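Note that this is a predicted model, so its numbers are computed, not measured. Values below: all heavy atoms of this structure, side chains included; hydrogens, waters and symmetry mates excluded.
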Amino acid sequence: MPALHRLIASEWLRRLALLALCAAYLQGGWNKLGDFASAVAEMQHFGLAPAAPLAALVIALELGASLMIVSGFGRWLAALALAAFTIGATFVANRYWTLAAGHERFMMANAFYEHLGLAGGFLLVAWMDLQPHKESKP
């Protein structure tokens with residue numbers, strides 16, 4: 001078990017976990033940046049206006065906050081920002097309760113709760129980042 005503990009507590013695994021937590025936001029921001037017209041169309045699809053400035057803000061948030069989380073610079077603040085964004089976007093994009101029972105509602109409900117889990121992960125990152133650091137004992 002000491003080997004497993006060392007593996008789980010390793011810095012590289014911690015960074016990999018942070019990168020994995022941010023993967024959807026890095027991919028989404030990068031795709032939106034590469035196809036800005038589709039990013040604007042996505043905002044319009046959900047009835048958000050003004051669509052172009054909102055799309056630009058989403059790109060900046062997804063990429064900027066993800067890089068902050070992975071790098072450690074302002075990690076707690078970036079994690080709180082992505083948690084808030086994720087919760088808000090989830091209530092806009094995954095309103096499963098408005099759909100009739102069936103496969104589409106089932107899939108959207110899954111997406112809704114998966115996104116709440118992501119937001120919880122970001123809240124946990126913020127909480128952990130704000131904890132006092134314990135001195136390493138020799």
With a 4.5 Å heavy-atom cut-off, do [X] and [Y] have their side chains touching?
X: His103; Y: Met107; result: yes
X: Lys32; Y: Glu42; result: yes
X: Trp30; Y: Ile59; result: no
X: Asn110; Y: Tyr96; result: no
X: Leu19; Y: Ile69; result: no

Heavy-atom pair with the smallest gap, counting every atom of [X] and [Y]:
X: Ala55; Y: Phe36; value: CB-CE1, 3.8 Å
X: Leu13; Y: Leu7; value: CD2-O, 3.4 Å
X: Ala51; Y: Gln44; value: CB-CG, 3.6 Å
X: Ala119; Y: Ala83; value: O-CB, 3.7 Å
X: Leu82; Y: Ala65; value: CG-CB, 3.7 Å
X: Ala52; Y: Val40; value: CA-CG2, 3.8 Å

Rounded to the nearest 0.5 Å, how far does [atom2] of [Y] lie from [atom1] of [X]?
X: Met108; Y: Thr90; atom1: CE; atom2: OG1; value: 11.0 Å
X: Leu57; Y: Leu48; atom1: CG; atom2: CG; value: 11.5 Å
X: Leu16; Y: Leu21; atom1: CG; atom2: CG; value: 11.5 Å
X: Leu61; Y: Met68; atom1: CG; atom2: CE; value: 10.0 Å
X: Cys22; Y: Leu67; atom1: SG; atom2: CG; value: 8.5 Å

key: Ring centers of Phe122, Tyr25 separated by less than 6.0 Å   =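 Yes; Tyr25 has its ring centre under 6.0 Å from that of Phe122.
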Would you kindly confirm whether [X] and [Y] end up in one hydrophobic cluster when ILVMFWY residues are joined by side chain heavy atoms under 4.5 Å apart?
X: Leu116; Y: Trp97; result: yes
X: Leu118; Y: Leu18; result: yes
X: Phe85; Y: Val92; result: yes
X: Tyr113; Y: Ile87; result: yes
X: Phe46; Y: Val58; result: yes

Donor-acceptor under 3.5 Å ([X] side chain, [Y] main chain):
X: His115; Y: Ala111; result: yes
X: Arg15; Y: Val70; result: yes
X: Arg105; Y: Leu99; result: yes

task = Mind telling me whether Phe112 and Phe91 have parallel, tilted or perpendicular rings, with 30° and 60° as the class edges?
result =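 The arrangement is perpendicular - the two ring planes meet at more than 60°.
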query = Counting only heavy atoms not in Arg95, do more than 12 fall under 6.0 Å of its CZ?
reply =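 Result for CZ/Arg95: open.
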message = A quick test of your reading: do over 12 heavy atoms of other residues, nucleotides or ligands sit less than 6.0 Å from CZ of Phe106?
response =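 Open: at most 12 neighbouring heavy atoms sit under 6.0 Å from CZ of Phe106.
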